[in-house]
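As structure tokens, the structure follows; a few thoughts come after it.
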Amino acid sequence: MTLQLILGTLLLLHVYDAYTTQLELDKTSSLGDQKKQWNTILIWIIPFIWPLLVRSMIKKKRLTVMTKGKRKPNRRRGTDDWGNLTGYGGGGSLGD
């Protein structure tokens, strides 16, 4: 009786998890139609693991703006490393 209760609970959790993931998958525009169909099939076949993978694939990225105050300060103070960026600062002269 206990085993049946555990299996029934797991089945209900899988159905709920798969259904909510399916709704999220239908709303997303980041995957094409064929990928959505394959993921739909795999959501129902591979319980608990595939829905987590699908959610991580379609999770919206949080975009942030890095302001000047959040950037790391230049450790060399007052230099922008122009010589190394342009190739003129590594020793030797231009005439060589």
Side-chain angles (χ1 to χ4, degrees):
M1 183 70 176
T2 306
L3 181 63
Q4 291 175 346
L5 184 63
I6 292 171
L7 290 177
T9 304
L10 285 175
L11 180 66
L12 286 175
L13 285 173
H14 170 57
V15 168
Y16 175 76
D17 188 34
Y19 181 72
T20 55
T21 305
Q22 181 64 42
L23 291 177
E24 290 177 26
L25 185 63
D26 288 340
K27 290 178 187 177
T28 188
S29 62
S30 63
L31 296 175
D33 290 336
Q34 189 172 9
K35 288 182 181 180
K36 284 183 183 181
Q37 290 172 356
W38 278 107
N39 283 311
T40 298
I41 293 168
L42 291 172
I43 284 171
W44 291 99
I45 292 176
I46 304 174
F48 303 112
I49 297 170
W50 200 260
L52 289 174
L53 292 173
V54 169
R55 283 192 187 125
S56 69
M57 282 191 310
I58 63 175
K59 183 172 64 172
K60 293 182 180 177
K61 308 274 190 281
R62 260 185 87 177
L63 300 176
T64 59
V65 175
M66 183 176 289
T67 61
K68 191 174 184 178
K70 291 181 183 178
R71 289 186 226 145
K72 291 182 182 178
N74 190 354
R75 296 181 191 265
R76 289 194 261 175
R77 296 180 193 205
T79 175
D80 61 357
D81 204 14
W82 179 85
N84 286 331
L85 291 176
T86 58
Y88 291 122
S93 64
L94 293 177
D96 291 340

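For clarity, every value in this text was computed on a predicted model and none was experimentally measured.
- Hydrophobic clustering of Ile, Leu, Val, Met, Phe, Trp and Tyr side chains at less than 4.5 Å, counting indirect connections, keeps L5 apart from L3.
- When all heavy atoms of I43 and Q22 are compared, the closest pair comes out as CD1-OE1, 4.2 Å.
- In summary, of the residues considered (T28, N39, L31, T40), a side-chain contact (heavy atoms from CB on, under 4.5 Å) with V54 occurs for N39 alone.
- Within a 6.0 Å sphere centred on CG of D26, heavy atoms belonging to other residues, nucleotides or ligands number more than 12.
- If you chain together hydrophobic residues whose side chains sit under 4.5 Å apart, L52 and V15 never meet in one group.
- Of all heavy-atom pairs spanning P51 and I46, the tightest one is CD-O, 3.6 Å.
- One hydrophobic cluster, built from ILVMFWY side chains closer than 4.5 Å, holds both W44 and I41.
- A donor-acceptor distance shorter than 3.5 angstrom exists from the side chain of S56 to the backbone of L53, with no hydrogens or angles considered.
- Dense packing is recorded around CZ of F48, with more than 12 heavy atoms of other residues, nucleotides or ligands lying under 6.0 Å away.
- The 12-atom threshold is exceeded at CG of L23, counting heavy atoms of other residues, nucleotides or ligands nearer than 6.0 Å.
- Taking the side chain as every heavy atom from C-beta outward, T20 and R55 approach each other to under 4.5 Å.
- Tracing side-chain contacts under 4.5 Å through hydrophobic residues (I, L, V, M, F, W, Y), one never reaches L10 starting from Y16; they form parts of separate clusters.
- Contact record, T21 with D17: OG1-O, 2.8 Å, taken as the closest heavy-atom pair.
- Going from atom CG of L25 over to atom NZ of K27 covers 11.5 Å, rounded to the nearest 0.5 Å.
- A continuous path of Ile, Leu, Val, Met, Phe, Trp and Tyr side chains, each step under 4.5 Å between heavy atoms, connects L42 with I49, placing both in one hydrophobic cluster.
- One finds the NZ atom of K36 at 9.0 Å from the CD1 atom of I58 (value rounded to the nearest 0.5 Å).
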